[in-house]
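Scroll down for the structure; my scribbles are underneath it.
What you are looking at is a predicted structure, and each value in this text was computed from that prediction instead of being measured. Residue numbering restarts at 1 for every chain, and letters A, B, ... go by the order of the sequence lines.
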2 protein chains.
Amino acid sequence: MSSNPGRPAPSGPFGERTRAEVFALILTDGPLSRVEVAAKLGLSPSTVTRLLPPLLDGDYIRETGRAATALGRPRRLLEVNAARHLVVGVKISPTHVTGVLTDMAARVVGRAETPVPDTLPTTILRATTALTRDLLSGVDTSLVLGIGVGVGGHVGREAGICHTSALLDWHEVPVAAPLAEATGLPVVVENDVNTLVVAERWFGAGRDTRSFAVVTIGPGVGCGLLLGGAMYTGATGMAGEFGHLPLDPAGPKCLCGNHGCLEALASSAAIVRDLAHEGVRVSSAEQAAALARAGNPAAREVYARVGNALGRGLAALVNLLDLELIVLAGEGAAEHDLFGPAMTAGLRAHAFSKAAERPVHIDPATDDLWARGAACLMIGAAVAGPLTPPRVERHHP
Amino acid sequence: MSSNPGRPAPSGPFGERTRAEVFALILTDGPLSRVEVAAKLGLSPSTVTRLLPPLLDGDYIRETGRAATALGRPRRLLEVNAARHLVVGVKISPTHVTGVLTDMAARVVGRAETPVPDTLPTTILRATTALTRDLLSGVDTSLVLGIGVGVGGHVGREAGICHTSALLDWHEVPVAAPLAEATGLPVVVENDVNTLVVAERWFGAGRDTRSFAVVTIGPGVGCGLLLGGAMYTGATGMAGEFGHLPLDPAGPKCLCGNHGCLEALASSAAIVRDLAHEGVRVSSAEQAAALARAGNPAAREVYARVGNALGRGLAALVNLLDLELIVLAGEGAAEHDLFGPAMTAGLRAHAFSKAAERPVHIDPATDDLWARGAACLMIGAAVAGPLTPPRVERHHP
DNA sequence: CTTCTTTTCTTGACACACGAAAGTAACTCT
DNA sequence: AGAGTTACTTTCGTGTGTCAAGAAAAGAAG
């Protein structure tokens, strides 16, 4: 795909799409010399030279020292000026809102959290505004790039709207506009799992991968996709609905009304319910995990079944999309020691691709990491990075 | 990554990518005036004007008459010169090879078929060569654009190799090179379902759709994907493995060794087997269908189960990828009257996206249509069309 | 039969993205 | 000091696309 040359370029130092790619690469892999950037992006050195001046002039990127090579002219190293901006990343949960403050290199420099009494839009948005003010107290506002927000549900990024969220019981809730109004800052909203995709792509297991999925397990099961180097959100932004993969018509009833959905087999609630079925009463998945680790055979059996369901689900994912990697995240990922073996066995049995031989990467991300991902998203959106191709809509491409 | 502008352009009238898009649009939607082309592609009229001369000079496109508008200068209509080239499209099946000859507008002007005694690569390739010679007998070879080939299995298009095909028992079989050698023509090879994706995108239900799946049912279950306007083949070209979606751990055993794969629930063999289980012996799915249509309750029940499995599988597909449309093709699609209601019910029950409300498009494609899709692929590859960003591989002696 | 008006195409001037090739810079080794 | 090596820069050609202004081809109005 070509970029959109010829069209009136947006103002600012990030008018060019390739320039944004250069910036993102230096951010994630810097310090790098011009020649290294060119090689990693498949560009010619002259192109990199041409793209840099605005970034250097705008103090987004700095030349920091030179790296002597064995022979020849030493490389001049380029680095992101992390102090150029501050960025706020927010993760919205049903019981609390988590925020981090990062620098322009997406390094966390502050954090905050607020409990919320209910999930009414006004409550949550007010809490988010307060949290942002808190994080930014004493900070020069002109230094702040913007706010990235991750919400669990169907999000329309362009419109900044959360169309639906079962978790929060939201319908067509405007998120970006009120937050931008209240804070005076640019706001980007995305599905929360997709913020994690950005974080994994930039700093995590997906660094050198062009197609992977992030699957989150916990109260629900979610999925974010990076396909061919770009985030995939589907025709209407709803892609990644993975929790209701129908895995077993004889399985337990799911909240969606069907039987044997992945979520009905592998969520925290499913674990508690299955264990109760075995005559063992626990009130949370953590207790179930503790029992299993203590050797309780019923609990171990439940986790094995969870692992099998997960393995079969991940196999479906890998087979259909021919992914290079799967990152398993979310609260439930911490119980990997319990469901891992059965999951791997299930995946191996069902998967065709070689990706099944690569271990699933486990990353039990904290809320802070999700929020950091939201900050990454804001940075990525600001630099129109490789993850966010705001392509010109063509009717017949 | 960016495309390769600036590089020395390949010779011929299709050096520029946008030119190929203009050509493809006129092919599929023509006759069109310059202004209409510009509007549909999101270009300015001047750009279209600039791109056309080589196509007109090369007689790829012709000005055919003018369309008087109510007011103003009448539009000069552009059309593809269908007679400019002939194209061969081939579908390889385990028992026979089907070929069609099409003009440059992908209209079928000839067909041929050869049975093959076995599936050895040499046998099949020899049969394909003979078939091609047959189709092209009496034709000026310089008029022939090339050969498009569809093979069921994992195909590496760039290398022109069939990595594996369970159906044919092939492993790392070179296809493009020997055919190009034997015929002296350019050859493009793809997975057969993907050739159908191209055909559906150009002329079928997917005309105005940017993301859809073609699911084929018959001896096996296959799937081809168009995501965001481009064919999706995954990290290693294996995407679309859909037949072994694990739908029921208690289901019948599949050839892959697992239980309850979609293919084990909905393939022709599954139908015959399930009916035998009910005490009714038939030797083919067609017989089963005839029984069901005659009112046999066991057969009707079997087809209802097939429909349910298909509906659950399609729901998984639509949910995960947020598709706009599903095209159901392959021999088995003809039995839509039997499994359709159960399929639709299953899909509706499990699917979240609105796509589930759009009816699944049924297209029981004959082998000729698959072969035509292969011809479309060759045309698309030749013009580096919207579906095929990778440049034409010419396996020329 | 002119002369508008409307729409379609064409032309010319410009801008930007990118690469190849050739030139310049900075360092080490001999 | 010169030769060798690698890093960057400059120049130029091509692809891709816009905009603005003009030419062309009709019907409608006078």
### Task
Ignoring backbone atoms, test whether A:S33 places a side-chain nitrogen or oxygen under 4.0 Å from the OP1 or OP2 oxygen of D:dC8.
yes
### Query
Within the pair A:T47 and C:dC18, is there a side-chain N or O less than 4.0 Å away from OP1 or OP2?
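Checking C:dC18 against A:T47, no side-chain N or O comes under 4.0 Å of OP1 or OP2.
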### Message
Just verifying a value: how many Å separate A:F203 CZ and A:R107 CZ, rounded to the nearest 0.5 Å?
### Response
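The distance works out to 9.5 Å.
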Once you round it to whole Å, what is the distance between [atom2] of [N] and [atom1] of [X]?
X	N	atom1	atom2	result
B:L32	C:dC9	CG	P	11 Å
A:R75	D:dT9	CZ	P	15 Å
A:E36	D:dC8	CD	P	8 Å
A:R66	D:dT6	CZ	P	18 Å

### Message
Just to verify, what does B:T47 make a side chain to side chain contact (heavy atoms under 4.5 Å, CB included) with, not counting sequence neighbours?
### Response
B:L43, B:S44, B:R50, B:L51
#### Entry: salt bridge (charged side-chain N to carboxylate O under 4.0 Å, His left out) partners for B:R62, two or more places apart
B:D59
### Summary
By nearest-nucleotide position on DNA chain C, the 5'-leaning member of B:L77 and A:P74 is B:L77
### Query
What pairs with B:E63 under side chain to side chain donor-acceptor pair (under 3.5 Å), at least two apart in sequence or on another chain?
B:R34, B:R76
### Task
Quick one: list whatever passes side chain to side chain donor-acceptor pair (under 3.5 Å) with A:D140, sequence neighbours left out.
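Expected list: A:S142.
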Check nucleotides 10-13 of chain C for protein N or O atoms closer than 3.5 Å to its own N or O atoms and list the pairs.
residue: C:dT10; atom: OP2; partner: B:R34; partner atom: NE; Å: 2.8
residue: C:dT10; atom: OP2; partner: B:T49; partner atom: OG1; Å: 3.1

### Message
As a test of reading the structure: which of D:dT5, D:dA7, D:dG17 is closest to the side chain of A:V35, going by heavy atoms?
### Response
D:dA7
Show which side-chain atoms of residues 372-383 of chain B pair as donor or acceptor with protein atoms under 3.5 Å away, not counting sequence neighbours.
residue: B:R372; atom: NE; partner: B:A106; partner atom: O; Å: 2.6
residue: B:R372; atom: NH2; partner: B:A106; partner atom: O; Å: 3.0

